[in-house]
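All values reported here derive from a predicted model rather than from experimental measurement.
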Amino acid sequence: MILCTWGAPFPSENTMMENGNETERVLRRHAERYAAMRPRDAVKLLYQSEFGGGHFVGDERRSMERLEREYSSLEKREGVPLFEYIGDGTVRINLAAVNESDLPQVNTAFVESANLRSGNISGLLDKLEVLKTLAREGVFAFSAEELDSYLKEYADAGYPAVSHSDEYRLAYAPAYRVAEYGRLGSLRRQRVLDIDLDFFLADCCMLAKEGERPPLEGHEPWSGEEVINFLENNCGLSKAHPIPGRIFQTHDGALGLWDELIKDGRLGKPFDVTHIDAHSDLGIGKPGPRFVLENVLSVHPEKRAELQRYYDCVQLDEANYLLFALAFRWIARLENVRNKRSRPDIPQQIAQRDENGRYSSLLLRSGVSAIMEKFNGKEPRVDFEVYDDWERFDAFLPYDFMSVAVSPRYAPKEADALLEIFEDYMIKI
C-alpha cells in the first residue's frame, strides 16, 4: 500500500471534527447502524473511544495467536466496513473485512495502541453526559430510564470495561480490534473526496443541451456559508490544512486524475471514494453498464485502465466514469452522498442490499466475466453506502486527495461562484 504524505497528519484537531460535537455524531451514526444496541453497548463504544483497548498487552505473540483463533472461526460477511470510527482518533477494525495476510498488521496496531493509549475518567464522564442527552431525545431503541438504571450500576462498579450485550452479539456478531487510526500503517487505505457542483443545488437539473447551461429557477445554488458548513462539518476539511486536488469541467476528469496519481505512485490501489454528487455516475443512462460488464471485464485487470481507448469508442463519459473505476479494481469502498432531491439512478444489476434493504456493496459481473474468471480472478465486491439525506453523512476520517467537477450541463452558471470556496481547501495539483 502506498501512503500519501500530503496534507495534515492523523489524528489532528484541525482536521478531525473541529465543528460540532464528535461524540454526539459518533453515537448518532452507531445508533442508526446498530438499532439493537443496548445501554452497555453504547457505554462500551464510549469507553473504547476514551481508553482504546482498555488494557496493557504484554505479549504480542500470544495476542496474535488469539487473533488467529478468532479469525479462523469467523464467517466472512458482506457489507462490513474495514474501519468504523469511534472517536478521538480511534477505530474498530472489523475482522470480517480483513484479509488473512493483514492479520499481523492488525495485531501490531492493536498492541501498540493498547500499550500507549491514555484516557481518563473525566473524559469518559463527559461522553456519558452526551449519551444521556441523546437518550432523552429518543435517539436509541432503549429509553433514558433504562440508560440511567444501567449507568448507576456502572458507576457503582467503578466505570470498568464491559462486554457487548447478548442482543448486540446475536444481531451483529461483533469481532474487531480497537486501534488508533494513525497506527494502522499499511492497513490504511487512501481516501479521495470526489465532488460535483450539482450536489449543491436546490434541485437536480435536467441535462442541458451541448454548450448550454440549465436555468437558474428551481436550481438555485447553496449559499457560500452552507457550502463551507458542509465541507467543514460533514467532510472534515480545514482551510488551515488544505489537501491536494484539482477542479475540472466534467466529472470524468476525476478518472484521469486518479490514473495520473496512480502512475506517479502517489495514490495506492485500491482506495476509498466519497462521491458527493446528485448522481451516482455508475452508468444508469446511455451508454449504460453493458459495455463495462461485457467488454471491459473480459480484459485482464492489469490492462483495463486504457482510458483513451474508451473515449475513442465513445463509451466513457461523466455519467459512468465510476463504473469504469470499479472495473479497473481501483476502488475498495464507495460512498455516494446525494442531493435530497436526487432521482434513483443506481444500476440494480450491480447493487447488493443488506437484510434491512440498504445498499451494502457493488459487484460487477456478467456471463463474460464468469467465463474469464479463471484468467482474471473473481471481481471484487466493493463496500457501498448511500446517503440519500446528506445531513446523515460524516467523514470521520481524513482525505488524501479531492476533486471538484463543474459539470456545466448539470448546474446553472451561477453555481460556478462556489468554486472559489473549494479552492480554499485545496492545494492545486
Side chain to side chain donor-acceptor pair (under 3.5 Å) between Thr274 and Tyr399: does it pass, once the steps are laid out? CA-CA 9 Å; Thr274 299; Tyr399 292 102; 2.8 Å; yes
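- Taking the charged nitrogens against the carboxylate oxygens, Glu146 and Arg38 do have a contact shorter than 4.0 Å, which makes a salt bridge.
- At least one side-chain heavy atom of Met426 sits under 4.5 Å from a side-chain heavy atom of Val404.
- Residue Gln348 places its CD atom among more than 12 non-hydrogen atoms of other residues, nucleotides or ligands, all under 6.0 Å distant.
- Within the model, atoms OH of Tyr387 and CD of Glu385 stand 3.0 Å from one another, a figure rounded to the nearest 0.5 Å.
- In this structure, Asn21 and Thr23 approach most closely via the heavy-atom pair OD1-N, 3.0 Å.
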Please test Thr90 against Asp88 for side chain to side chain donor-acceptor pair (under 3.5 Å), starting from the C-alpha separation and ending with a verdict. CA-CA 5 Å; Thr90 303; Asp88 283 346; over 6 Å; no
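- Electrostatic pairing of Glu137 and Lys132 does not count as a salt bridge here, judged by no charged N lying under 4.0 Å from a carboxylate O.
- In this structure, Arg304 forms no cation-pi arrangement with Phe328, as its terminal cationic atom is not both closer than 6.0 Å to the ring centre and no more than 45° off the ring axis.
- Checked options Val406, Ile195, Asp196; the residue passing with His251 is Asp196 (criterion: side-chain contact (heavy atoms from CB on, under 4.5 Å)).
- With hydrogens and angles left out, the side-chain atoms of Asn99 and Ser101 include no donor and acceptor closer than 3.5 Å.
- Paired with Ile331 under the rule side-chain contact (heavy atoms from CB on, under 4.5 Å), one option of Val382, Asp272, Leu362 passes, and it is Val382.
- Salt-bridge check for Arg62 with Glu65: failed, with every basic side-chain N at 4.0 Å or more from each acidic carboxylate O.
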Verify side chain to side chain donor-acceptor pair (under 3.5 Å) between Asn107 and Ser63, making sure each step is shown before the conclusion. CA-CA 7 Å; Asn107 189 59; Ser63 174; 2.6 Å; yes
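- Between Phe230 and Phe200, the distance from one ring center to the other falls under 6.0 angstrom.
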Test salt bridge (Lys or Arg N to Asp or Glu O under 4.0 Å) on Glu70 and Arg66 and set out the steps. CA-CA 6 Å; Glu70 184 174 357; Arg66 289 193 295 270; over 6 Å; no
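- In this structure, Asp148 does not pair ionically with Lys152, as no charged nitrogen and carboxylate oxygen lie closer than 4.0 Å.
- Looking at Asn94, its side chain never comes within 3.5 Å of a backbone N or O of Ala97 through a donor-acceptor pair.
- What you find for Leu197 and Ala411 is that their closest heavy atoms are CB-CB, 4.5 Å.
- With respect to Glu32, the salt bridge (charged side-chain N to carboxylate O under 4.0 Å, His left out) criterion is satisfied by exactly one of Arg25, Arg358, Arg392: Arg392.
- Closest heavy-atom contact between Leu397 and Val91: CD2-CG1, 4.2 Å.
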Before you tell me yes or no, could you show the steps for Trp258 and Phe271 under ring pair (Phe, Tyr, Trp, His ring centres under 6.0 Å), namely the whole-Å CA-CA distance, both residues' side-chain angles and the distance that decides it to 0.1 Å? CA-CA 10 Å; Trp258 302 342; Phe271 49 89; 5.5 Å; yes
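- Counted by atom type alone, His164 and Asp41 present one or more donor-acceptor pairs between their side chains at under 3.5 Å.
- Residue Tyr85 holds its OH atom at 11.0 Å from CG of Asp394, rounded to the nearest 0.5 Å.
- Residues Ala327 and Val296 approach most closely at CB-CG1, 3.8 Å, considering heavy atoms.
- Note on Arg338 versus Asp277: no salt bridge recorded, every NZ/NE/NH1/NH2 to OD/OE distance being 4.0 Å or above.
- With respect to the salt-bridge test (charged N to carboxylate O, under 4.0 angstrom), the residues Arg333 and Glu335 qualify.
- The main-chain N or O of Phe110 is never found under 3.5 Å from a side-chain atom of Ser113 such that the two would form a donor-acceptor pair.
- For Arg329 and Glu302, the salt-bridge test fails: no basic side-chain N is under 4.0 Å from an acidic carboxylate O.
- With no hydrogens or angles considered, no side-chain donor-acceptor pair links His275 and Asn336 at under 3.5 Å.
- Across all their heavy atoms, Pro221 and Leu418 have their closest contact at CB-CD1, 4.1 Å.
- For the residue pair Lys44 / Ser163, no side-chain donor-acceptor distance below 3.5 Å is found, with atom types taken as modelled.
- Looking at heavy atoms from C-beta onward, Leu103 lies in side-chain contact with Tyr71 at the 4.5 angstrom threshold.
- With respect to the salt-bridge test (charged N to carboxylate O, under 4.0 angstrom), the residues Arg33 and Glu84 qualify.
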Using side chain to side chain donor-acceptor pair (under 3.5 Å), reason through Glu60 and Thr108 one step at a time and then give a plain yes or no. CA-CA 8 Å; Glu60 187 169 349; Thr108 297; 3.3 Å; yes
Can Leu231 and Phe422 be said to form a side chain to side chain contact (heavy atoms under 4.5 Å, CB included), step by step? CA-CA 9 Å; Leu231 294 179; Phe422 296 104; 3.8 Å; yes
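- A salt bridge does not link Arg266 with Glu260: every distance from a Lys NZ or Arg NE/NH1/NH2 to an Asp or Glu carboxylate oxygen is 4.0 Å or more.
- In the model, Tyr410 has no side-chain atom that pairs as donor or acceptor with a side-chain atom of Glu318 under 3.5 Å.
- Judged as a ring-ring contact (aromatic ring centres under 6.0 Å, His included), the pairs with a partner in residues 118-147 (not counting sequence neighbours) are, in order, Phe140-Phe142.
- Ion pairing between Arg341 and Asp388 fails under the 4.0 Å rule for side-chain N and carboxylate O.
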